[in-house]
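What follows is a short report on a single structure.
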Number of protein chains: 2
Amino acid sequence: MANRPTLKTIADRVGVTVSAVSLALRDDPRISRATRERIQQAAETLGYVYNRHAAGLRRGDSGTVAVCLNDLSNPFFTEFLGHMEARFREADRMMLFCHAHETPSIQARFIRQMAEHGAAGLILVPVAGTTREDLDGPQVRHLRDFPLVLISRDVDDTGFDRVINDDEMGIRLLFDHLYAAGHRRFAWLGGGGDTSTARDRERSFRQRMDAAGLPVTTETIHHGPTSLAFGDAMLERLLALPTPPTAIVCFSDIIAFGVLAACYRHGLRPGIDISVTGFDDMGAAAYSAPALTSVRVRTDLIGQRASELLLARMAGERHPPVREVVPPELVVRNTTGPPAHGGLVQR
Amino acid sequence: MANRPTLKTIADRVGVTVSAVSLALRDDPRISRATRERIQQAAETLGYVYNRHAAGLRRGDSGTVAVCLNDLSNPFFTEFLGHMEARFREADRMMLFCHAHETPSIQARFIRQMAEHGAAGLILVPVAGTTREDLDGPQVRHLRDFPLVLISRDVDDTGFDRVINDDEMGIRLLFDHLYAAGHRRFAWLGGGGDTSTARDRERSFRQRMDAAGLPVTTETIHHGPTSLAFGDAMLERLLALPTPPTAIVCFSDIIAFGVLAACYRHGLRPGIDISVTGFDDMGAAAYSAPALTSVRVRTDLIGQRASELLLARMAGERHPPVREVVPPELVVRNTTGPPAHGGLVQR
DNA sequence: CTACACAGTTCAATCGATTGAACCAATGCG
DNA sequence: CGCATTGGTTCAATCGATTGAACTGTGTAG
């Protein structure tokens, strides 16, 4: 920063005023072609660096966009990040980034700080347990009328734009696929904490069970963190049951990978001895051993759509908050198949 | 941004001047406890939001830190991101983030933009092929004397601080582990493009081969992208050779996972029929089927150390550029074992 | 020849926080 | 009682870019 050239430096050198330089550097047609080129030339040779603080102060907006995610260790979220980053780069917006670690205080602080920086918009995967108050309460009143798009997870009644996956549909696709293959003994390995995603997927699972006339007991539903370790540990527990499930429906690919790892140790062949499904269809799902049956969440579409919505709001577009639900796709690979020896009979 | 309260708003309300408010909000002892509290109270009730543009303009530094990575789809890099983010949050620094996608033009643009934003420091995983000129040439002269730390990949003669993994040692640990188990027919699956990491790991592999008196032929060394697909495809090619290798040393875990996927399809049992090693030891390595033998790169130590170095430079510390090399650790799991039926004999 | 348009440029105020210097009142000290 | 000290606050300049209004000179129409 130490004495970098400013508009004035250039102006003096070329023999015009700062106004002229300011306009010229932004290609304003009011400045003649000739002077404009001399000015731009001078800026180049002097190594001029635009000062966004000065501009932002005057204009009241820094042109940055803020993005707050929760779990970088989950490739599912980094896929979002990649898609949005690409779109914002295209729009020439810088990205302020935060990793909230499912911690409300970090999220709250980031919201304050991005406001301080004059960020023009925010994309947020709300931390588990986020309520309407957290996003719209007095302590963050600067979010009122602020361009904000929630992705992946929903928060009821926020009055903000949201782009989320159709979780109900995803579970339905998986369940029906397994049911059609003949499975009747299911287990649900839930993750995702206190999020709409966790709730919607589990609710959908329970609905399908009900609809199929299957009982949901304490042996059916299990909760834990979205981690490989949880999936791994749960398979052990499920195998220890008197009548283990023939199909394990996991909240996410990550958990399913953990289950596969435990299967391998036990010499169980997923897709033959037991069926396992993931959710998200992250890149690695095609390469697990065996390749994982999952549901593809369209992170690309969601990320792109969220970016578009945000850019539109930032451009001043006014309309009631939208809630866009993106349908996922069933991807059948090799971890699912008919139940082994009498899964049907034992029902 | 629209008419948010400013220092003036607060000053008028409390009946003091902006100076007093400015000082009070920063807990300057020059302002009496009583007024300070009244001011802070007023700021609170008015919903005051600090304007960093104004402050940054005056002070010439925004307190942000810039981070530029290359491959978000590789959990190895997102681990870095997580560790650094944590450290910077602690230091109350916001993070400007860029995903360079191994694209020099994106990297160059980000460097310019973060300078415009008055970022106080930069952590960079240089894109493949980055040279000294790219970082210190005339077009980016604002990097001279700028706090910059390179991580993971090295660039010769930069004059910047660097924190990197000891790649030579990592490969040595893996090779010696395999050699000691009896392997004599090796293959190298290289990735990483034109980076110091790619060069150092391959050089180390060749050195160990030489030291062991083993021939390196066109059947030994293979290059491709750091992807699951590359590992997968390469196993097919290797198996088609007249005398396939008994041990496959991969540039990274990602590639190794691809190899494991292909092994599974071929009914090959890694660790028994064939040995496979990764590099990085990302979280998933413990959960692949079977669990992957790898080398743990200490992303935590590297990330932390890089952040510390950067913060120290930002605080004005002056010393010649350092090059810190962090030793990795061998993690033996289940994809390695003695060569199957006569690997030794066939030599 | 005057008035007028217009392209090209300059003027000057402005954004909001920071900070060294100046100021003021009350207290302490000789 | 007068003078210095100091704690508390204000003054006023400053950071660098932006922008509506004002200005200048040239060309054109009447």
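Each chain gets a letter, A, B and so on, in the order its sequence line appears, and its residues count up from 1. Quick caveat, the model's predicted, so the values are computed rather than measured. FYI, side chains are in, hydrogens and waters are out, and symmetry mates aren't considered; it's all heavy atoms of this structure.
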Interatomic distance where [atom1] belongs to [X] and [atom2] belongs to [N] [whole Å]:
X: R59(A); N: dG20(D); atom1: CZ; atom2: C1'; result: 15 Å
X: I10(B); N: dT18(C); atom1: CD1; atom2: P; result: 11 Å
X: H117(A); N: dG16(C); atom1: NE2; atom2: C1'; result: 15 Å
X: I39(B); N: dG8(D); atom1: CD1; atom2: C1'; result: 11 Å
X: R4(B); N: dA17(C); atom1: CZ; atom2: P; result: 9 Å
X: H53(B); N: dT18(D); atom1: NE2; atom2: P; result: 12 Å
X: L57(B); N: dT14(D); atom1: CG; atom2: C1'; result: 8 Å

Under a 3.5 Å threshold, yes or no: a donor from one side chain and an acceptor from the other, between [X] and [Y]?
X: H53(B); Y: R52(A); answer: no
X: D134(B); Y: Q107(B); answer: no
X: D27(A); Y: Q40(A); answer: yes
X: R13(B); Y: T45(B); answer: yes
X: S62(B); Y: T64(B); answer: yes

Among [options], the nucleotide that comes nearest once only the side chain of [X] is considered:
X: V16(B); options: dG16(D), dT18(C), dT10(D); answer: dT10(D)
X: R58(A); options: dT19(C), dT10(C), dT18(D); answer: dT18(D)
X: T17(A); options: dT10(C), dT10(D), dA17(D); answer: dT10(C)
X: L7(A); options: dA12(C), dT18(D), dA17(C); answer: dT18(D)
X: Y48(A); options: dA17(D), dC11(C), dA17(C); answer: dA17(D)

Verdict with reasoning, R26(B) to S22(B), per side chain to side chain donor-acceptor pair (under 3.5 Å): CA-CA 7 Å; R26(B) 282 173 296 145; S22(B) 172; 2.8 Å; yes

Quick test of your reading of the model: are D156(A) and R132(A) salt-bridged, counting only N-O distances below 4.0 Å?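 No salt bridge links D156(A) with R132(A).
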
Residues E308(A) and R305(A) bridged, charged N to O under 4.0 Å: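 No, no charged N to carboxylate O under 4.0 Å.
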
Starting from the C-alpha separation in whole Å, work towards a yes-or-no answer on side-chain contact (heavy atoms from CB on, under 4.5 Å) for M84(B) and I151(B). CA-CA 11 Å; M84(B) 297 186 303; I151(B) 60 169; 4.0 Å; yes

Got a sec? Which of residues 23-36 of chain B come in under 4.0 Å of DNA chain D, heavy atoms?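 Within residues 23-36 of chain B, the residues near DNA chain D are R30(B), I31(B), S32(B), T35(B).
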
Measure the angle between the two terminal helix axes of the helix from dC1(C)-dG30(D) to dG30(C)-dC1(D), five base pairs each, and quote it to 10°.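 Inter-axis angle at the ends, rounded: 60°.
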
Where do H319(B) and E317(B) land on the side chain to side chain donor-acceptor pair (under 3.5 Å) test, with the steps shown first? CA-CA 7 Å; H319(B) 52 73; E317(B) 200 171 286; 3.3 Å; yes

When you match G15(A) and A54(A) each to their closest nucleotide on DNA chain C, which lands nearer the 5' end?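 So the residue in question is G15(A).
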
Please state whether the base of dA12(C) and the side chain of S19(A) form at least one donor-acceptor pair under 3.5 Å?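 Indeed, a donor on one side and an acceptor on the other fall under 3.5 Å apart.
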
Check if the side chain of T6(B) and the base of dA17(C) share a donor-acceptor pair of N or O atoms closer than 3.5 Å.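 Not at all, since no donor on one side and acceptor on the other fall under 3.5 Å apart.
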
